[in-house]
There are 2 protein chains.
Amino acid sequence: MQLQAKYVALALLSKRPMTGYEIKKNFEGPISFFFEGSYGSVYPTLKNLEKEGCIEKRTIIQEDRPNKNEYSITEVGRAVLAQYYEQPVEEDNVRSDVCMRLFFGGKMDEGEMLDWIGQSRKQHEAKLNILQGMHDQYHQQMPKHQLLSLTIGIRYHQAKIDALLECAEMLDNHKEEK
Amino acid sequence: MQLQAKYVALALLSKRPMTGYEIKKNFEGPISFFFEGSYGSVYPTLKNLEKEGCIEKRTIIQEDRPNKNEYSITEVGRAVLAQYYEQPVEEDNVRSDVCMRLFFGGKMDEGEMLDWIGQSRKQHEAKLNILQGMHDQYHQQMPKHQLLSLTIGIRYHQAKIDALLECAEMLDNHKEEK
DNA sequence: GGCTACATGTAATGCGTTACATGATTTC
DNA sequence: GAAATCATGTAACGCATTACATGTAGCC
């Protein structure tokens, strides 16, 4: 009963019916700061949820585009989701490649490290932009709780970028001292 | 070739020989802000690495305590690790239960949400304390790169705590307005 | 002409989690 | 007397990743 694609999909579908494609879109943008997943996780998850009676499929025939399968949540699904919310909050799960590299990569030269920092910064900036864009566009219509969550995401990326910048500066200074 | 227990264990062993138990200790404290893992991942990983010739086992017989298996990295292991460092930096992987709950839990009452925020805050504070403790104790002997990484970890937890506090305040204010 | 968006899936593989299993010693 | 520390492992299960597989429509 931990945070996995199943519950995120269910939560997304509790707002409105969606296709697997749309769910994946959410995974890579609006909610990417707390959950990410690939098609290989989306479609099998949907299939399972359907088997368990948590969601229902409706096929929409389209002529100019591929057909869609739109899923909507059932009462069973809502109950499962409610059960999830009753569990104690799980700790965040983080896996950070940059941090690992900086922590252990002592024998690398500073150029290499600066490169790693640069790569990571770009990644975080890209994500921050997505979230910031959402915030700027929708903050007036967004329910408060979503705004809260978004804020956490924005802060998270911002903090990471700041820390990375600071690290780069420290490395630069050290270089000049030599 | 993504961030997984294998490379973290190898990196740890590149510093000094260690037992599985010690590696697990690192997973839950000093490096927990970028990687976590259980015994169920540590021991099998070590076994695999040994089979691949990346590490070597030496059994230390102890009389008052259980025997230890101390592993040290081999040349092969160092090569594998070097190869890892050459890959492009992977994006951070985050899975956050609180954020998910705040984002979707619109129908919950504010008390429930405040509770979630409180739980999460405690988790982050506990981890922040560990890192802060490391920083205070060792920052003078620590190599610069490790300090950088630690700093990122500290900032991360601090940012999260701040954001959570702010969220709690927003909810409180909203309550009073009613 | 090529890329992006739309749209859905499967198969293989594997990494990791949880739970199980054991047991002495030290500290509160 | 209870709890934490030291110490190592296995087994089952499952979620997720990567790669594979296919095809149209619209835009630049």
Side-chain angles (χ1 to χ4, degrees), chain A residues 1-10 17-29 32 34-52 54-55 57-71 84 87-88 90-95 97, chain B residues 1-10 17-29 32 34-52 54-55 57-71 84 87-88 90-95 97:
Chain A
M1 172 91 61
Q2 61 183 294
L3 187 50
Q4 62 193 250
K6 176 178 171 176
Y7 297 108
V8 183
L10 226 35
M18 281 189 195
T19 65
Y21 189 78
E22 283 178 289
I23 288 172
K24 172 63 167 50
K25 281 271 132 170
N26 273 276
F27 280 10
E28 60 190 31
S32 64
F34 64 81
F35 194 91
E36 291 184 275
S38 57
Y39 284 126
S41 74
V42 171
Y43 289 112
T45 295
L46 254 15
K47 196 186 242 183
N48 275 337
L49 281 171
E50 199 191 4
K51 205 171 59 191
E52 291 165 13
C54 293
I55 59 176
K57 178 160 73 176
R58 184 172 69 102
T59 301
I60 297 169
I61 286 121
Q62 298 185 123
E63 265 152 32
D64 50 340
R65 315 205 151 186
N67 292 343
K68 293 189 208 189
N69 296 325
E70 198 184 62
Y71 292 92
Y84 158 79
Q87 299 299 119
E90 246 182 282
E91 289 198 30
D92 286 12
N93 238 25
V94 181
R95 235 160 232 213
D97 196 17
Chain B
M1 175 87 63
Q2 59 183 294
L3 187 50
Q4 62 194 249
K6 176 178 169 175
Y7 298 107
V8 183
L10 228 35
M18 280 188 198
T19 65
Y21 189 77
E22 284 179 290
I23 289 173
K24 172 62 166 51
K25 280 271 132 170
N26 273 277
F27 280 9
E28 60 191 31
S32 65
F34 64 80
F35 194 91
E36 291 183 276
S38 57
Y39 284 125
S41 74
V42 171
Y43 290 112
T45 296
L46 254 15
K47 198 186 239 181
N48 275 336
L49 282 170
E50 198 191 5
K51 204 170 62 191
E52 290 165 13
C54 293
I55 59 176
K57 178 160 75 178
R58 183 171 71 101
T59 301
I60 297 169
I61 286 121
Q62 298 184 122
E63 265 151 36
D64 50 339
R65 316 206 150 185
N67 292 341
K68 294 189 206 188
N69 296 325
E70 197 185 61
Y71 292 92
Y84 159 79
Q87 299 299 119
E90 245 183 281
E91 290 199 29
D92 286 12
N93 239 25
V94 181
R95 233 159 234 214
D97 196 17

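Residue numbers begin at 1 in each chain, while the letters A, B, ... track the order of the sequences.
- Of the residues in residues 17-26 of chain B, those placing a heavy atom less than 4.0 Å from an atom of DNA chain D are B/Thr19, B/Gly20, B/Tyr21, B/Lys25, in numerical order.
- Across the protein-nucleic acid pair, B/Phe27 atom CZ and D/dT8 atom C1' stand 15 Å apart, rounded to whole Å.
- The phosphate of D/dT10 has OP1 or OP2 within less than 4.0 Å of a side-chain N or O from B/Lys47.
- Comparing D/dG9, C/dG9, C/dG23 by their nearest atom to the side chain of B/Tyr43 picks out D/dG9.
- When the side-chain hydrogen bond (donor to acceptor under 3.5 Å, both in side chains) test is applied to B/Glu91, the partners found at least two apart in sequence or on another chain are A/Lys127.
- Pairing each heavy atom of B/Leu10 with each of B/Cys54, the nearest pair is CD1-CB, 4.1 Å.
- The CG atom of B/Leu49 sits 10 Å away from the P atom of C/dC15 (whole-angstrom rounding).
- If you take CZ of A/Arg58 and P of C/dT8, they are 13 Å apart, rounded to a whole angstrom.
- Applying the ring pair (Phe, Tyr, Trp, His ring centres under 6.0 Å) criterion to A/Tyr21, with sequence neighbours excluded, gives no partner residue.
- Annotation: side-chain hydrogen bond (donor to acceptor under 3.5 Å, both in side chains) contacts of A/Lys6 (sequence neighbours excluded): none.
- When side chains are defined from C-beta on, B/Ser32 does not count as touching B/Glu28, because their heavy atoms never get closer than 4.5 Å.
- For B/Glu90, there are no salt bridge (charged side-chain N to carboxylate O under 4.0 Å, His left out) partners at least two apart in sequence or on another chain.
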What protein N or O atoms touch nucleotides 25-28 of chain C N or O atoms at under 3.5 angstrom, if any, and at what distances?
none

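- For A/Lys68, there are no side-chain hydrogen bond (donor to acceptor under 3.5 Å, both in side chains) partners two or more places apart in sequence or in a different chain.
- B/Asn26 is linked by a side-chain hydrogen bond (donor to acceptor under 3.5 Å, both in side chains) to nothing, counting only residues two or more places apart in sequence or in another chain.
- Atom-to-atom distance recorded for B/Ser38:OG and B/Lys24:NZ is 7.0 Å, nearest 0.5 angstrom.
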Polar atom pairs (N or O), protein with nucleotides 14-21 of chain D, under 3.5 Å:
from   : atom 1 : to      : atom 2 : distance (Å)
D/dC15 : O5'    : A/Gln4  : OE1    : 3.4
D/dA16 : OP1    : A/Ala5  : N      : 3.1
D/dA16 : OP1    : B/Arg95 : NH1    : 3.0
D/dT17 : OP2    : A/Ser38 : OG     : 3.2

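- If you measure from atom CG of B/Leu46 to atom P of D/dA7, you get 15 Å, rounded to the nearest angstrom.
- Rounded to the nearest 0.5 angstrom, A/Ile23 CD1 and A/Leu46 CG are separated by 4.5 Å.
- With sequence neighbours excluded, no residue forms a salt bridge (charged side-chain N to carboxylate O under 4.0 Å, His left out) with B/Arg65.
- Judged as a ring pair (Phe, Tyr, Trp, His ring centres under 6.0 Å), and not counting sequence neighbours, B/Tyr71 has no contacts.
- When only modelled atom types and interatomic distance are considered, B/Thr19 and B/Asn69 share no side-chain donor-acceptor pair under 3.5 Å.
- When each of B/Phe34, B/Phe35, B/Tyr39 is checked for a ring-ring contact (aromatic ring centres under 6.0 Å, His included) with B/Phe27, only B/Phe35 meets the rule.
- D/dA7 atom C1' lies 13 Å from atom NZ of B/Lys57, rounded to whole Å.
- In terms of phosphate contacts, B/Asn67 brings no side-chain nitrogen or oxygen within less than 4.0 Å of OP1 or OP2 of D/dC6.
- Summary for the helix from C/dG1-D/dC28 to C/dC28-D/dG1: the axes at its two ends, each from 5 pairs, differ by 60° when rounded to the nearest 10 degrees.
- Per the geometry, OH belonging to B/Tyr7 stands 12 Å off P belonging to C/dG14, to the nearest Å.
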